[in-house]
Amino acid sequence: MKKHNFSAGPSILPREVIEETAKAILDFNGSGLSVLEVSHRGKDFQAVMDEAVALFKEILNIPEGYSVLFLGGGASMQFCMVPYNFLEKKAAYLNTGVWAKKAMKEAKGFGEVVEVASSADANYTFIPKDFTIPADADYFHVTTNNTIYGTELKGDLDSPVPMVADMSSDIFSRPVDVSKYICIYGGAQKNLAPSGVTFVIVKDDAVGKVSRYIPSMLNYKTHIDGGSMFNTPPVLPIYSAMQTLRWIKAQGGVKEMDRRATEKADMLYAEIDRNKMFVGTAAKEDRSRMNICFVMAPEYKDLEADFLKFATDKGMSGIKGHRSVGGFRASCYNAMPKESVQALIDCMQEFEKLH
Ligand code: PLP
């Protein structure tokens with residue numbers, strides 16, 4: 001049976017990326033060695049790193065003066081690297097979910113943290129719009145897509161101070177004005193690569209300004225200077241990331257990813273709104289196109305487990321909602337074909353007919 005992978009992450013990758021990665025595991029560039037067993041300092045892997053960085057910059061239209069890094073440690077490591085490197089006195093954070101809260105918690109170890117607004121009281125079902133960013137903050141931190149709650153900032157905000165963004169779950173789903181940010185980071189395991197690599201876009205001249213000592217591995221300067229090779233980088237995930245970047249470019253870049261994301265999300269939200277058995281959980285204007293969260297309507301609450309089984313039996317994988325929201329979460333990342341979204345819609349309609 002065909003499987004439709006709606007997992008929130010690690011998640012679906014383009015089929016071509018999996019196939020090219022599988023080939024390179026068996027024979028990397030005709031070398032007779034596996035990509036799993038080559039030196040990261042060899043010229044063949046250096047070419048992979050260089051192409052991945054170049055494509056990253058090209059596809060996101062990253063201005064001069066920024067570096068792209070591939071590191072370990074996940075987005076969670078960035079929650080501490082960001083304040084370590086950029087917080088001298090004060091930083092502002094928008095609290096839109098658990099990940100934003102975790103980022104804020106780490107920053108508190110380095111200086112004053114101003115929570116400009118929070119939707120915690122509403123279980124993060126919306127993104128606050130009405131807030132003031134202190135003009136004397138070192139940076140303003142946002143989470144552009146809230147993977148757990150299914151809310152998304154659809155564009156780049158305006159801020160009186162440079163921004164930092166966690167784009168773990170929406171990178172490459174829309175064009176970004178990188179010049180508004182000193183740092184954009186994320187775990188790559190949703191729209192870019194298998195788990196094990198973290199991407200960081202960092203503005204070179206924003207680094208090296210804080211007065212504290214920064215341990216080498218946590219200092220962006222180390223990794224900028226070392227071309228992400230200060231220590232052994234995650235070779236295989238970087239190889240797959242390069243393949244995904246080739247795929248995104250061939251499909252038409254972030255403009256096309258943006259168009260597809262809207263098309264797929266519109267299809268699924270239209271069904272959620274039409275079908276009497278389901279209700280969306282996020283405020284309509286903040287609905288995420290990457291993570292689509294919905295629950296059973298109150299009168300059908302008892303049928304939640306039944307629908308999960310019904311959909312799972314028809315090949316839907318990974319649609320169980322996060323425990324803090326409940327119900328269902330259909331993640332529709334870049335690699336998710338429209339046909340899979342249609343298959344889920346068909347399931348919802350068939351289930352409705354049965355009840
Ligand atoms: N930030 C966001 C928005 C996420 O969705 C996640 C993981 O799902 C994280 C951070 C944590 O990423 P990692 O597991 O790579 O540390």
Side-chain angles (χ1 to χ4, degrees), residues 5-13 68-84 93-107 118-120 123-128 139-154 156-157 163-174 176 181 183-201 217-218 223 228 233-234 236-238 240-241 244 261 281-282 286-293 318-325 329-336:
N5 185 2
F6 289 95
S7 171
S11 51
I12 188 166
L13 287 168
V68 171
L69 310 175
F70 291 109
L71 308 177
S76 301
M77 178 74 100
Q78 297 306 309
F79 295 164
C80 104
M81 277 179 79
V82 162
Y84 228 135
Y93 279 70
L94 181 60
N95 182 3
T96 53
V98 159
W99 300 117
K101 213 170 135 189
K102 287 189 175 176
M104 232 162 39
K105 173 176 181 277
E106 296 305 311
S118 165
S119 49
N123 198 30
Y124 298 116
T125 45
F126 70 97
I127 295 183
Y139 61 85
F140 172 48
H141 181 283
V142 292
T143 312
T144 48
N145 184 72
N146 299 283
T147 324
I148 294 176
Y149 311 91
T151 62
E152 178 188 8
L153 273 173
K154 306 270 169 24
D156 306 301
L157 296 177
M163 288 194 287
V164 173
D166 175 355
M167 294 198 185
S168 293
S169 50
D170 62 343
I171 190 77
F172 295 114
S173 68
R174 65 169 169 91
V176 174
Y181 302 84
C183 181
I184 296 173
Y185 65 86
Q189 61 273 15
K190 297 161 202 307
N191 260 343
L192 186 62
S195 62
V197 65
T198 313
F199 64 85
V200 183
I201 306 167
M217 270 299 281
L218 300 177
H223 300 291
S228 299
L236 183 73
I238 293 171
S240 297
T244 303
T281 54
D286 296 325
R287 283 174 161 180
S288 168
R289 301 167 314 157
M290 298 288 109
N291 311 99
I292 298 180
C293 297
I319 61 162
K320 191 169 168 29
H322 189 275
R323 61 191 174 283
S324 51
V325 177
R329 171 173 53 174
S331 298
C332 299
Y333 295 119
N334 284 348
M336 165 70 58

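Ligands are counted one by one from 1 in listed order, and the atoms in each one are counted from 1 as well. Everything numeric here is computed off the predicted structure, so don't read it as measured data.
In terms of heavy atoms, V142 sits closest to L157 at CG1-CD1, 4.0 Å. Residues T198 and G74 approach most closely at OG1-N, 2.8 Å, considering heavy atoms. In terms of heavy atoms, N191 sits closest to S173 at ND2-CB, 4.1 Å. Nearest heavy-atom pair across T125 and T151 is O-CG2, 3.6 Å.
Judged purely by distance below 3.5 Å, without hydrogens or angles, the side chains of Y333 and D170 never pair a donor atom with an acceptor atom.
Closest to atom 8 (O) of ligand 1 by heavy atom, among Q189, K190, H322, is K190. The residue among A188, G187, A75, S168 with a heavy atom at the shortest distance from atom 13 (P) of ligand 1 is A75. Taking all heavy atoms of T96, D166, N146 into account, the minimum distance to atom 10 (C) of ligand 1 is reached by D166. Within the set S76, G72, S169, the minimum heavy-atom distance to atom 16 (O) of ligand 1 is found for S76.
In terms of protein heavy-atom proximity, atom 5 (O) of ligand 1 is closest to T147 OG1, 2.5 Å. Nearest protein heavy-atom neighbour of atom 7 (C) of ligand 1: W99 CZ2, 3.4 Å.
The ligand atoms of ligand 1 that sit less than 4.0 angstrom from a heavy atom of F79 are 10 (C). Annotation for ligand 1: atoms under 4.0 Å from non-hydrogen atoms of G74 are 15 (O), 16 (O). Annotation for ligand 1: atoms under 4.0 Å from non-hydrogen atoms of N145 are 3 (C).
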